[in-house]
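Below you'll find the structure, written out as structure tokens, and then a few comments.
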Amino acid sequence: QVQLVESGGGSVQAGGSLRVSCATSARTFSSYSMGWFRQAPGKEREFVAAIMWSGGNTYYADSVKGRFTISRDNAKNTVYLQMNSLKPEDTAVYYCAADRIPRGSNLRIGISEYDYWGQGTQVTVSS
């Protein structure tokens, strides 16, 4: 089975930056689109960002556009989420997920559409 392990979370003051990483054991990592989701206490899990297998296409939730950047390094089987200008509202557990979709398909943002999930990493942004 495919394993995904997030790291890089922590505590930062508003306006600061963090980069979270997701290392995978996928045999064919480059064939998966990858997504980042987050879940705050008492809230539903929500989509944050996604990147196509090639890295050529990305998509972001409106709440993070202009502040977050998703990227991937297929040689390292790793996907990253660079988070800048962090706000207290960004506080959540951040999860990475893998979506095995055919080439040419559009990026997907639905939780139920992703095949594999990591355990999450906590990001806390204080005022």
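What you see is a predicted model; the values in this text were computed from it and never measured.
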When you compare the side chain of [Y] with that of [X], does any pair of heavy atoms fall below 4.5 Å?
X: Y59; Y: F47; answer: yes
X: Y95; Y: W117; answer: yes
X: R67; Y: D90; answer: yes
X: N57; Y: I51; answer: no
X: L4; Y: M34; answer: yes
X: E6; Y: W36; answer: yes
X: T24; Y: Q3; answer: no

Exercise. Any chance the side chains of R72 and N74 put a donor and an acceptor closer than 3.5 Å?
Worked result: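 There is such a pair (donor and acceptor under 3.5 Å, judged by atom type) between the side chains of R72 and N74.
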Exercise. Checking side chain to side chain contact (heavy atoms under 4.5 Å, CB included) for the pair V48/F68: CA distance, chi angles, key distance, verdict?
Worked result: CA-CA 9 Å; V48 176; F68 291 11; 3.8 Å; yes
N/O donor-acceptor pairs under 3.5 Å from side chains in residues 77-87, not counting sequence neighbours:
residue	atom	partner	partner atom	Å
T78	OG1	K76	O	2.8
Q82	NE2	N84	OD1	3.0
N84	OD1	S17	OG	2.9

For this session: Check whether NZ of the Lys or CZ of the Arg R38 lies under 6.0 Å from the centre of the six-membered ring of Y94 and within 45 degrees of that ring's axis.
Result: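 No, cation not above the ring by the 6.0 Å, 45° rule.
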For this session: With sequence neighbours left out, write down each residue that passes ring pair (Phe, Tyr, Trp, His ring centres under 6.0 Å) with Y114, or none if nothing qualifies.
Result: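 Y114 satisfies ring pair (Phe, Tyr, Trp, His ring centres under 6.0 Å) with F37 only.
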Problem set entry | Ion pair D99/R108, N-O distance below 4.0 Å |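 Salt bridge: yes.
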